[in-house]
Structure formats: C-alpha cells, structure tokens
Chemist: 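Sharing a structure with you now.
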Amino acid sequence: MVFTTSSVSDVIAALDERSKEVFRRIVEGYLENGEPLGSRNLSRLLPMSLSPASVRNVMSDLEELGLIYSPHVSAGRLPTQVGLRFFVDAFMQVGDLSAEDRANIDRQVRGSNRDQPMESMMSEASRVLSGVSRGAGLVITSKNDPVLKHVEFIRLEPTKALAVLVGDHDQVENRIIELPAGTTSSQLTEAANFLNAHMTGQTLPELRRQLQTLKESVRQELDSLSHELVERGVAVWSGGNDDGKPTQLIVRGHSNLLAEIAGAEDLDRLRLLFDDLEKKDSLIEILNLAESGPGVRIFIGSENKLFSLSGSSLIVAPYRDENDRIVGAVGVIGPTRLNYARIVPMVDYTAQLISRLSRPGL
C-alpha cells in the first residue's frame, strides 16, 4: 500500500500506537537535525519498551506504507515527502502565537518610522519570516507607483543602457534596456531631459498617459531615436503590468538556504530554486497557490510543479486590500525540513498584519 493525501484517515486507522510513535520520532528527528534515525536509537527514545528488532519491524511496515525510507544500506530512516505530508496533516499541532511574538513581528515590520513606504515594510516582513525559519522569507506584492522625481540613462555598451528611475522616498529602480541602433550620448541626455521636464509630481502610469496624449508634440520635440528611447524606457519600467498581476518579489534569507547545502546535488537544486524565483510566471504561480485555499497553505517538495525540481517546501498565505481582494502573498520557502509548526502561525499573522498595514488610514 502506498499512502496518498486522500487516505489520511485510512493510514491513521492502520497504525497502532507504537507505529505512530516510531513514525513521529523519525519525522521530528529529521526536522530537528536532518539525520536518519536508526532502530537502536529509536528504542531508547520511545516511551514504551520496544527492542531494536521490534522497532525494525515497525519501520518495515511504515516503509511499505510509503511513509519512510532508508537513504543508505543499513542506515536509519527518513520521512518521504508523502510521509511529511501525512505528518503535517495528521500529527502536527499548530498553536497561536504568543503576545510577545506578535509584538515582535509588529515592531520589526512597522519599524520606528510609521510613515515609511510600504515597500520597506514588505522587505522587513520578508526578513522577519526568514529569521524564524531555515528558509528564505518572501513577499509578493503589486508594484507601487511612486511619484517620479528623476530619470537617467547610463550607457553600458553600444547597444545597452541602464535606465535609472528615482521616486519619492528615494526609491530607485534600475532596468537594462536595448538601445535603438545608432543612439548617441547626446540623445541619451536629450531623452532623459525630456522625461525629467514632464514627470514632476506624476506616477509612471500618469506619465505614460500624458506621453500618449502628447504623442505628436513629442515627435516634433525629439528626433526619432530619442523618441524611441523615451518609449522604451517607460515601457521597461512599467514591466507590462497592465494585467494587474503582482510583479515584485522580495526575498530575504538566501544565506539560510546556502547553509543547508551538503553537496553538489543540493547546490544544483538551489540553483533551480533561484532560477524559478526569478521568473515572473513563478510569482503569479505562487500567488495562485496562496489563493487556492483559505488561510496558510503548505506545499511539500514535488506537490507543486513550480518547485518540484528543486524539492523545496513552500508555506504561503495571501494578504488582502481594503476591499478584501487578494493582492499579494507572504511566506517561507526552503528545504523540506522546515519547522512547519513554528512557521505556519508566523506566516498567518504576518499576512494579517500586512493586510492591515496596506489599508489606508492604518
């Protein structure tokens, strides 16, 4: 028999008390130190009297159910991904956060400056979540539309330039853009001067609409290459975000993931994870996962296609705006041996806090 997530009650019914205790100890040992647990050590840990030989028989039964496996010949046992899911669904107890934990999250996310931009609070939320896990904290959010202050184009190569956009609260965004063939340094300056003259006090969407309205006068004021450069710069900053989907991912705690590397295979999985996180489609997929059920969602290893190759676990919860619409998500991503019971209430409370902070007047 191989366990599936649809048969939790069937598996629980098939396990006696000693089997449950053996399984629980194996999983808890893995979550604590990542090491397999052998029959001799298990027999010393169990509250009931079981010989190593009896423990091995129990482990054999658990292997047949697909809950544990042996990573090496004559080694102890580790939980499978299916076993971890079974443990989370059937055994894990998630309590409420203490008043002290809530206060700490509030203090760190809000910071000392109550007027700080929302992006800074999102970054702090990501950092807080990374601090309570072995993984990386992440926040997915719709990109803010800051009031524009200054723009500059810096040539990197003959056909590439760095487009620098400075907003209120000194937010800075950099994008690499392809230059129209034959663009000169004076045309870069001309395009930047034109944008700076028209952008004061406007957001990027407002600037785009104004340029559309002034299309003919823009063509008359600028030569063709400078005009094309203006359009490319505005387009790359906008990021094609007309569909209203979130385009910004804030990740803190990469070092936690690096600390878990035990060999070349782990490093390859980590590269796959970082590659996945860089893709815009991945951001939308994470948000879709958060929207797929109420409250906090837990995805272990290959349970979601997004991180199936890297074998990572994702704990994620959505946050909402003043109209109760889901506008982003917060969570933790990392190895399968995350401390789920500790992280779940942290993610849940942080999502609730971000929802409150993102509403006007709070």
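Counting from 1, the numbers follow the sequence of the chain as shown. Hydrogens, waters and symmetry mates play no part in the numbers below; they use all other heavy atoms, side chains included.
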Chemist: How far apart are the closest heavy atoms of Q187 and T184, and which atoms are they?
Modeler: OE1-N, 2.8 Å

Chemist: Can you check whether V330 reaches L353 side chain to side chain, under 4.5 Å on heavy atoms?
Modeler: no

Chemist: With ring centroids as reference points, do F91 and F86 lie under 6.0 angstrom apart?
Modeler: yes

Chemist: So, does T80 use its side chain to make a donor-acceptor pair with the main chain of G66 at under 3.5 Å?
Modeler: yes

Chemist: Using the side chain to side chain contact (heavy atoms under 4.5 Å, CB included) rule, take L222 and V230 through it: C-alpha gap first, then chi angles, then the decisive distance, then the call.
Modeler: CA-CA 9 Å; L222 300 174; V230 166; 3.8 Å; yes

Chemist: Please step through side chain to side chain donor-acceptor pair (under 3.5 Å) for the pair E190 and S226, ending with a clear verdict.
Modeler: CA-CA 7 Å; E190 182 183 20; S226 297; 2.8 Å; yes

Chemist: Side chains of D89 and I298, heavy atoms from C-beta outward: is any pair under 4.5 Å?
Modeler: no

Chemist: Are F194 and L225 joined in one hydrophobic group, where the rule is that I, L, V, M, F, W and Y side chains link up if heavy atoms are under 4.5 Å apart?
Modeler: no

Chemist: Quick one: pull up CE in M121 and CZ in R110 and give me the separation to the nearest 0.5 Å.
Modeler: 8.0 Å

Chemist: When rounded to the nearest 0.5 angstrom, what distance separates OG in S355 from CG in D321?
Modeler: 8.5 Å

Chemist: Donor-acceptor pair, distance only, cut-off 3.5 Å: does the side chain of R18 make one with the backbone of L46?
Modeler: no

Chemist: Does L45 belong to the same Ile/Leu/Val/Met/Phe/Trp/Tyr cluster as L62, with side-chain heavy atoms less than 4.5 Å apart forming each link?
Modeler: yes

Chemist: Ion pair present between R342 and D101, side-chain N to carboxylate O less than 4.0 angstrom?
Modeler: yes

Chemist: Minimum heavy-atom separation for E63 to S70, with atom names?
Modeler: OE1-N, 3.9 Å

Chemist: Using modelled atom types only, decide if a donor and an acceptor are shared between the side chain of T183 and the backbone of L179 within a distance under 3.5 Å.
Modeler: no

Chemist: Any chance the side chains of S54 and S51 put a donor and an acceptor closer than 3.5 Å?
Modeler: yes

Chemist: So V347 and V316, do their side chains get closer than 4.5 Å, heavy atoms only?
Modeler: no

Chemist: For the backbone of I354 and the side chain of R320, can you confirm whether one donor and one acceptor N or O come within less than 3.5 Å of each other?
Modeler: no

Chemist: Please assess Q81 against T336 for the test side chain to side chain donor-acceptor pair (under 3.5 Å), listing each intermediate value before the final yes or no.
Modeler: CA-CA 8 Å; Q81 286 188 12; T336 55; over 6 Å; no

Chemist: When you look at R127 and E124, which way does the salt bridge (charged side-chain N to carboxylate O under 4.0 Å, His left out) test go after all the steps?
Modeler: CA-CA 5 Å; R127 188 183 62 79; E124 282 303 305; 2.6 Å; yes

Chemist: So which heavy atom on S130 is nearest to which on G253, and how close?
Modeler: CB-CA, 3.8 Å

Chemist: A side-chain contact here means heavy atoms from C-beta on lying under 4.5 Å apart; do R297 and F299 qualify?
Modeler: yes

Chemist: To the closest 0.5 Å, what do you measure between CZ (R44) and OG (S39)?
Modeler: 9.5 Å

Chemist: Test K20 against D16 for salt bridge (charged side-chain N to carboxylate O under 4.0 Å, His left out), laying out the working first.
Modeler: CA-CA 6 Å; K20 292 177 183 177; D16 57 22; over 6 Å; no

Chemist: With a 6.0 Å cut-off (strictly less than), is the heavy-atom count around CZ of R40, excluding the residue itself, greater than 12?
Modeler: no

Chemist: To the nearest 0.5 Å, tell me how far L37 CG sits from Y30 OH.
Modeler: 14.0 Å

Chemist: Should V164 and V151 count as side-chain neighbours, where that means a heavy-atom distance under 4.5 Å?
Modeler: no

Chemist: Can you name the nearest heavy-atom pair linking G34 to L78, along with the distance?
Modeler: O-CD2, 4.1 Å

Chemist: Considering non-hydrogen atoms only, spot the tightest contact between G83 and F23 and give its length.
Modeler: O-CZ, 3.3 Å

Chemist: Determine whether L195 and F153 make a side-chain contact, defined as any pair of heavy atoms from C-beta on separated by less than 4.5 Å.
Modeler: yes

Chemist: Under the criterion side chain to side chain donor-acceptor pair (under 3.5 Å), I'd like the reasoning laid out for S60 against N57: C-alpha separation, chi angles, the key distance, then a yes or no.
Modeler: CA-CA 5 Å; S60 178; N57 289 335; over 6 Å; no

Chemist: When you measure from the side chain of E303 to the backbone of I300, do you find a donor-acceptor pair of N or O atoms at a distance under 3.5 Å?
Modeler: yes

Chemist: For a side chain to side chain contact (heavy atoms under 4.5 Å, CB included) with F87, tell me which candidate from L67, V82, L31 qualifies.
Modeler: L31

Chemist: K160 and I177: side chain to side chain contact (heavy atoms under 4.5 Å, CB included), yes or no, with the steps?
Modeler: CA-CA 6 Å; K160 292 183 187 299; I177 64 171; over 6 Å; no

Chemist: Quick one: does R337's side chain have a donor or acceptor within less than 3.5 Å of a partner on E32's backbone?
Modeler: yes

Chemist: What distance separates I343 CD1 from S133 OG, expressed to the nearest 0.5 Å?
Modeler: 4.5 Å

Chemist: Considering all heavy atoms of both residues, which atom of R77 and which atom of I26 are nearest to each other, and what is their separation?
Modeler: O-CG2, 3.5 Å

Chemist: Please examine the side chains of V327 and T141, heavy atoms only from C-beta on, and report whether any two atoms are closer than 4.5 Å.
Modeler: no

Chemist: Would you check if the side chain of S126 reaches a backbone N or O of G137 as a donor-acceptor pair within less than 3.5 Å?
Modeler: yes

Chemist: Would the distance check show the side chain of R25 and the main-chain N or O of E28 forming a donor-acceptor pair, the cut-off being under 3.5 Å?
Modeler: no

Chemist: Do L165 and H150 make a side-chain contact, defined as non-hydrogen atoms from C-beta onward lying under 4.5 Å apart?
Modeler: no

Chemist: Has D96 got more than 12 heavy atoms of other residues, nucleotides or ligands less than 6.0 Å from its CG?
Modeler: no

Chemist: Side chain of D348, backbone of V296: donor and acceptor closer than 3.5 Å?
Modeler: no

Chemist: Take Y319 and T350 through the side chain to side chain donor-acceptor pair (under 3.5 Å) test and state the conclusion after the steps.
Modeler: CA-CA 9 Å; Y319 64 87; T350 303; over 6 Å; no

Chemist: How far does CD of E178 sit from CD1 of I176, to the nearest 0.5 angstrom?
Modeler: 9.0 Å

Chemist: May I have the step-by-step check of side chain to side chain contact (heavy atoms under 4.5 Å, CB included) for L84 and V88, ending in yes or no?
Modeler: CA-CA 6 Å; L84 283 174; V88 166; 5.5 Å; no

